[in-house]
Structures are given as C-alpha cells and as structure tokens.
Student: 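My questions will all concern the structure given below.
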Amino acid sequence: MELRFYNTLSRRIEPFEPLEPGRVRMYHCGPTVYQRPHIGNYRAFLFADLLRRVFEARGYEVLQVMNITDVGHLVADADDGEDKLQAQAEKERIDPWELVERVSAEFFADLEALGVRPAHHYPRATQHIPEMVELVRRLLATGHAYRVGDNVYFDVHSFPGYGRLSGNRVEDLEAGARLEPNPEKRHPADFALWKSDPHHLMKWETEFGPHGFPGWHVECSAMAMKYLGESFDIHTGGEDNVFPHHECEIAQSEGATGQPFVRLWMHTKFLQVDGGKMSKSLGNVWNLDDLAERGFSPLDYRFFVLRAHYRGSLNFTWDALAGAREARRALNDLRGRLAAAAAGAAPGRAPVVERARTDFAAALADDLNTSAAVAALFELRNAFLRDGLEPAGAAAALDFLVEEADAQLGFLDPTAAVGPSDEEVEALLAERAEARAARDFARADAIRDRLQRAGIVLEDSPDGVRWHRS
RNA sequence: GCCGGCAUAGCCAAGUGGUAAGGCAAGGGAUUGCAAAUCCCUCACCCCCAGUUCGAAUCUGGGUGCCGGCUCCA
C-alpha cells in the first residue's frame, strides 16, 4: 500500500518517496523548555510518533530527530533582549539552566507516559552553538546574510524562494508588519541569524562579538543538517511554525548549501478547547496532570488525538475525552476477549480480519487517516461480538490488533505482567458458582470483585459464566 | 488591513459529485440475585443564501462563525 501525504509545500497529497530507498530521515520541531508542555503541544509530538510508527510498521529504517530549544528566542524580533526562557527563569528566581533541566525532565516523562517512542536524537540548541555559527558564516560567505555591528541578518531578497512555503509575499509582509521597523535591517522581513546583547543571561562569545546568541530559526537548520544531512525527507511542526519559522529555515538552509533542504513538510492543526483557542486567561491550558486529576490516563489522551485527522481541527472537551476513554476501554476489552477466544490457537484466515487489516492499512496510507483506521477496528469488534470467531480467526484478529493496529497507534494498555493463572481463575469461578447456588451473594460478589481487581472480566450469561483478561 | 484553513447528530469525528463511516452519550427491549459486560432496535438530509449539475455534505459565488499566519507559541 503506497503511502501518500499532504505536503504543505505543494499544497497537495503526494506519494511518498524517500531520498534513500527503505530509509526515512525526519526532523520535528520540539518544545521550548520554559514551561511544561500542555496537551496542545503534545498533539504535534504524538503526530510525529505516529509517522515514525507507520514507517516502521512498513519496514522503513527511520532516523528521527527532535530538537529541544533551551535558549531563549526573543520575545519580539526587536532589540530588547528579553526572551521567554529568561523571563520565566527570572519570574521563578532561578537560573535559566536550572529551568531548562526541570522542564526537559517533565517533557521526557510526559512522552514516556504517552507511549511515544524515543527519537534517535534530541539535540539541544545550546550544545550546537559552533554549528550555528558555522551556518551563519556560510550565509555571510554566500551573500545571503549581512552584518550590522555584532548582529547578523538574513537578506530575504537574496533568496527568491522566500514565501513559497507559507504563500506570503515579501511585499505583503512589509505592508502588514506590526513591528516597529528595525533600522538595522535592509528590509522589515529580514530576520536575525545572530543577535548580541550584553544583558542576556545565555550568551556566547564568538567571532560576531562577545555577547551573542542565536536568532530563533538557525538552531533547527543547523541541528537538522548535522544529524540528517543537508537534504532529508520530512520536517514537521505545528501549523504556527509554517511562517515564519519554517519559511526561514528553508531560506537559511538552502541559501547556505544550495541543496533542497526538505522534501515533505507536514503540519498539525492546533488543538482547540471548548470550541476556541486555548489560553491562559481562559484557564484551559491543560497538562497531563490536569487530565490525571480528572481520572484520564495519558493513553486516553493519545487515543483522543488519534481519533481525529492530524490536519483537521480537533476540539478538546472533557466530554469528548470521556468518549475517547470509553472507546479505548472497549478496544482493550476486545484484546482480552480475542485472547480468550483464540485459546492459544495459531492464527488462520478469517474474512472479517482480512477486511479490517486492509481497511486499516488503507486508511493510514491515505495521509494518516487515523479516524477511519480506528473505525476499522470497531468494525472488527462489532463483527466479532456479533458473530464470534473460530480460535484461528480470533488469533488472527488478536495478532492484527496488537501487532499492526497497536504497533502503529499505540493506545492499548500494557498487559498485566502477572495475574492469576487460568486454573486459579477457574477455581475461583467454581467457588463463586457454589456461593451463588447457595444464594450467598455477599461471598459471590466478593470473589467477583477480587477477580475484577486482578484484571479478569466476568460475563454472566444464560449459558454460564464466561471470562477474559482485560 | 493582507494571506490561509475549517464549519457534518447532545458530544467527538470520517466522508470531497451519486444519495451520510466509527465512537461516546441517550432511549426501548433481551439477559441478570444485583451489577457489569454483551446482544437486538432507535437516533443527522451535512452553518445560512444563491448558483452549476440528471444528481452536491462534497463544485462556484456571497454571508455568518471559529481557527492559524503577518508577533513568542505545537
């Protein structure tokens, strides 16, 4: 099944072809670690993980890089030296480096809880100052950059492709600029590659001056090229990154190397909350702890995100999250039921399983239509619950659910490491049956509760008790 | 002001020319010692207006609303 993805650059869905057969190299814009990422941030990171898993499921060797921005970008692209990281550090009266460590740890803990497979590299901006300086030097050499005192700017007029990704025109940018014009720049749309400010806490002495720090686009270009090469396959980020960030990255990278930077640009739509934008003033900027307080696991959130298409709007409400939790529970339950029905049989052929497999793969191949992919899982669940499956068919369904569906979507709960053996369960069930026959319901219910806590789901039916592991 | 996207049931969300996937919630019924789970049944003409077409949720034009970019932001 051929993979097809929407490319922001071409504004169309195109077949995917890696630069090197069988190998995918991709870069994801990661967090700025000045405060714990919220659920909106994780929509983009979960998307990156989905992409990686989809490639791996198809046998690609994936090289994945996500940057950690640990140096402040300017609050405004002006001359005042304050940045978010520094501002937050000052607010908390701690060292910026300490803030970076704390938030990074929170970020990685969140990723793990969300079931995100670790990227191969998480480069930090501050550890790549030499690479950034080198990039700036190359841009000066190729005539794409100019120096004013200790500052260096990129000259957008020197790069004819500037605006191609975002659809902006340099002339319109000038007209719409709300910033105070920076008299140092030749054109208002020119952007800083290297800035200098003696008051900055995070600063480096370089050939451009004693108190410099990188402009806010160079890090991604420098680090992406270091780990992935001057040309690579995919670059992702939130829709807000399209302009100016990614537009500037293209200009910088291609201006320096003369090579195409990235083939495929993919962007996720912002998460909305209660039908509008998430904002601190509305008090709806939630993080994973806020979800946990209301009884939702990180995987519930992961599944909530995966039920929608990454390019479509997704509206977060507590009701919607509850719906996702319930749906996820049903699929976890399906795994247990299939395991019980398979009874150790070897996987065989079953039409409903084949159909689910085909529909699921086709949905993901079609620009990652996870919504339709999940629907295929429920079709399988409904068919199984309604008509049942022979052990071989159930085994095939289980194999598909775990090894294909969950391998790519990653929403199933980890299976219990230990639990009662089948014999123990059967013994307890026999004991419960005796108690029920004697109308000792207190004792019967106690056994039921005990089994439930051990992850055993009982089903009383007219034909007797059936059970499966959750 | 300039660019771009979206608008589907109570909630979340697929579908982009041939007559509305899936999930949650809800209601009715079956089953049950109670409960849970499960089974059967019910539940949308797709924001508004005007067009194109044999036929539109799907195309065009105009509204309205929300979101993004032009300014740190996934």
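Computed from a predicted model, the values in this text were never measured in an experiment. We name chains A, B, ... by the order of the sequence lines, and we start the count at 1 in each one. Just so it is clear, the values below take in all heavy atoms, side chains as well, and ignore hydrogens, waters and symmetry mates.
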Student: Measure from the side chain of A:Lys277, starting at C-beta and using heavy atoms only, and say which of B:rC73, B:rC67, B:rG22 lies closest.
Tutor: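 Among B:rC73, B:rC67, B:rG22, the one nearest the side chain of A:Lys277 is B:rC67.
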Student: I want to verify a distance call: between B:rC34, B:rA74, B:rG68, whose nearest atom is closest to the A:Thr32 side chain?
Tutor: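 For the A:Thr32 side chain, the nearest candidate turns out to be B:rA74.
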Student: A:Arg432 side chain: which of B:rC66, B:rG33, B:rA25 is closest?
Tutor: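 Of the candidates, B:rG33 comes closest.
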Student: Please state the P separation for the pair B:rU58 and B:rG29 - nearest whole angstrom.
Tutor: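 Here B:rU58 and B:rG29 have their P atoms 40 Å from each other.
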Student: Could you tell me which non-hydrogen atom of A:Leu51 sits nearest to which non-hydrogen atom of A:Ile234, and how far apart they are?
Tutor: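 Of all heavy-atom pairs spanning A:Leu51 and A:Ile234, the closest is CD1-CG2, 4.2 Å.
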Student: Counting only Watson-Crick pairs (N1-N3 plus N6-O4 or O6-N4) and G-U wobbles (N1-O2, O6-N3), all under 3.5 Å, who is the partner of B:rU19?
Tutor: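 WC or wobble partner does not exist here.
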Student: For A:Phe45 and B:rA74, is the gap between ring centres under 5.5 Å while the planes differ by less than 30°?
Tutor: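 It does not: the two rings, one from A:Phe45 and one from B:rA74, miss the stacking criterion.
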Student: What is the base-pairing partner of B:rC6, counting Watson-Crick and G-U wobble geometry with both distances under 3.5 Å?
Tutor: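 Partner of B:rC6: B:rG65.
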Student: At 4.0 Å (heavy atoms only), tell me whether A:Phe270 reaches a base, stays on the sugar-phosphate, or touches nothing.
Tutor: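 The answer is base, as A:Phe270 lies within the cut-off (heavy atoms under 4.0 Å) of a base atom.
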Student: Going by the rule salt bridge (Lys or Arg N to Asp or Glu O under 4.0 Å), which residues pair with A:Asp290 if we only count those two or more places apart in sequence or in a different chain?
Tutor: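 By the salt bridge (Lys or Arg N to Asp or Glu O under 4.0 Å) rule, A:Asp290 matches no residue at all.
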Student: So, using side chain to side chain contact (heavy atoms under 4.5 Å, CB included) as the criterion, who are the partners of A:Asp387 when residues are at least two apart?
Tutor: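 Partners of A:Asp387 by the side chain to side chain contact (heavy atoms under 4.5 Å, CB included) criterion come out as none, since no residue qualifies.
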Student: Would you please name every residue forming a side chain to side chain contact (heavy atoms under 4.5 Å, CB included) with A:Asp445, sequence neighbours left out?
Tutor: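 Residues passing side chain to side chain contact (heavy atoms under 4.5 Å, CB included) with A:Asp445: A:Arg448.
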Student: Taking the minimum atom-to-atom distance to the side chain of A:Arg439, which one of B:rG33, B:rG23, B:rG68 wins?
Tutor: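 Of B:rG33, B:rG23, B:rG68, B:rG33 is nearest to the side chain of A:Arg439.
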Student: Can you give the donor-acceptor pairs under 3.5 Å from side chains of residues 298-306 of chain A to other protein atoms, not counting sequence neighbours?
Tutor:
unit_1, atom_1, unit_2, atom_2, d
A:Asp300, OD1, A:Arg328, NE, 2.8
A:Asp300, OD1, A:Arg328, NH2, 3.1
A:Asp300, OD2, A:Ser297, N, 2.9
A:Asp300, OD2, A:Ser297, OG, 3.4
A:Tyr301, OH, A:Ile39, O, 2.6
A:Arg302, NE, A:Leu409, O, 2.7
A:Arg302, NE, A:Gly410, O, 3.2
A:Arg302, NH1, A:Asp49, OD2, 3.1
A:Arg302, NH1, A:Leu114, O, 2.8
A:Arg302, NH1, A:Gly115, O, 3.2
A:Arg302, NH2, A:Asp49, OD2, 2.8
A:Arg302, NH2, A:Leu409, O, 3.2

Student: Any N/O pairs under 3.5 Å between the protein and nucleotides 9-13 of chain B? List them or say none.
Tutor:
unit_1, atom_1, unit_2, atom_2, d
B:rC12, OP1, A:Asn315, ND2, 2.7
B:rA13, OP1, A:Ser313, O, 3.3
B:rA13, OP1, A:Asn315, N, 2.8
B:rA13, O2', A:Ser371, OG, 2.6

Student: Here's a test of your reading of the structure: between A:Phe303 and A:Val242, which maps to the more 5' nucleotide of RNA chain B?
Tutor: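 Per heavy-atom nearest nucleotide, the more 5' residue is A:Phe303.
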Student: Please report the distance separating the C1' of B:rU53 from the corresponding atom of B:rC3, rounded so that it comes out in whole Å.
Tutor: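 It works out to 32 Å between them.
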Student: Check nucleotides 38-44 of chain B against the protein and report each pair of N or O atoms closer than 3.5 Å, with its distance, or say if there are none.
Tutor:
unit_1, atom_1, unit_2, atom_2, d
B:rU38, OP1, A:Arg381, NH2, 2.5

Student: For atom P, what is the distance between B:rC24 and B:rC40, given to the nearest Å?
Tutor: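 Their P atoms lie roughly 13 Å apart.
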Student: Is A:Phe441 stacked on the base of B:rG33 when the test is centres under 5.5 angstrom and planes under 30 degrees?
Tutor: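 Here the ring of A:Phe441 and the base of B:rG33 are stacked, with centres under 5.5 Å and planes under 30°.
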Student: Should B:rA30 form a Watson-Crick or G-U wobble pair with both distances under 3.5 Å, which nucleotide is its partner?
Tutor: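 Pairing partner: B:rU38.
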Student: Please output the side-chain donor-acceptor pairs of residues 116-124 of chain A that fall under 3.5 Å, not counting sequence neighbours, one pair per line with the distance.
Tutor:
unit_1, atom_1, unit_2, atom_2, d
A:Arg117, NH1, A:Glu56, OE1, 2.6
A:Arg117, NH2, A:Ala407, O, 3.2
A:His120, ND1, A:Gln64, N, 2.9
A:His120, NE2, A:Val62, O, 3.3
A:Tyr122, OH, A:Ala119, N, 3.0
A:Arg124, NH1, A:Glu101, OE2, 2.9

Student: Any strand counts, and the cut-off is 3.5 Å on both contacts for Watson-Crick or G-U wobble. Which nucleotide pairs with B:rG1?
Tutor: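 For B:rG1, the partner nucleotide comes out as B:rC70, under the 3.5 Å rule.
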Student: Determine whether a donor-acceptor pair (N or O, by modelled atom type, separation under 3.5 Å) exists between the side chain of A:Asn382 and the backbone of A:Glu379.
Tutor: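 No, the answer is negative, given that no donor and acceptor are paired below the 3.5 Å cut-off.
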Student: How far does the C1' atom of B:rA13 sit from the matching atom of B:rG23, given to the nearest Å?
Tutor: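 Each nucleotide's C1' atom is 8 Å from the other's.
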Student: Mind checking what makes side chain to side chain contact (heavy atoms under 4.5 Å, CB included) contact with A:Glu254, not counting sequence neighbours?
Tutor: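 Result, side chain to side chain contact (heavy atoms under 4.5 Å, CB included) vs A:Glu254: A:Phe159, A:Ile250, A:Pro260, A:Phe261.
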Student: May I ask which nucleotide in the shown strands pairs with B:rU52, Watson-Crick or G-U wobble, both distances under 3.5 Å?
Tutor: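 When the pairing criteria are applied, nothing turns out to pair with B:rU52, so the answer is none.
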Student: Which residue pairs pass the ring pair (Phe, Tyr, Trp, His ring centres under 6.0 Å) test with at least one member in residues 360-380 of chain A, sequence neighbours excluded?
Tutor: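 Qualifying pairs, neighbours excluded: A:Phe360-A:Phe400.
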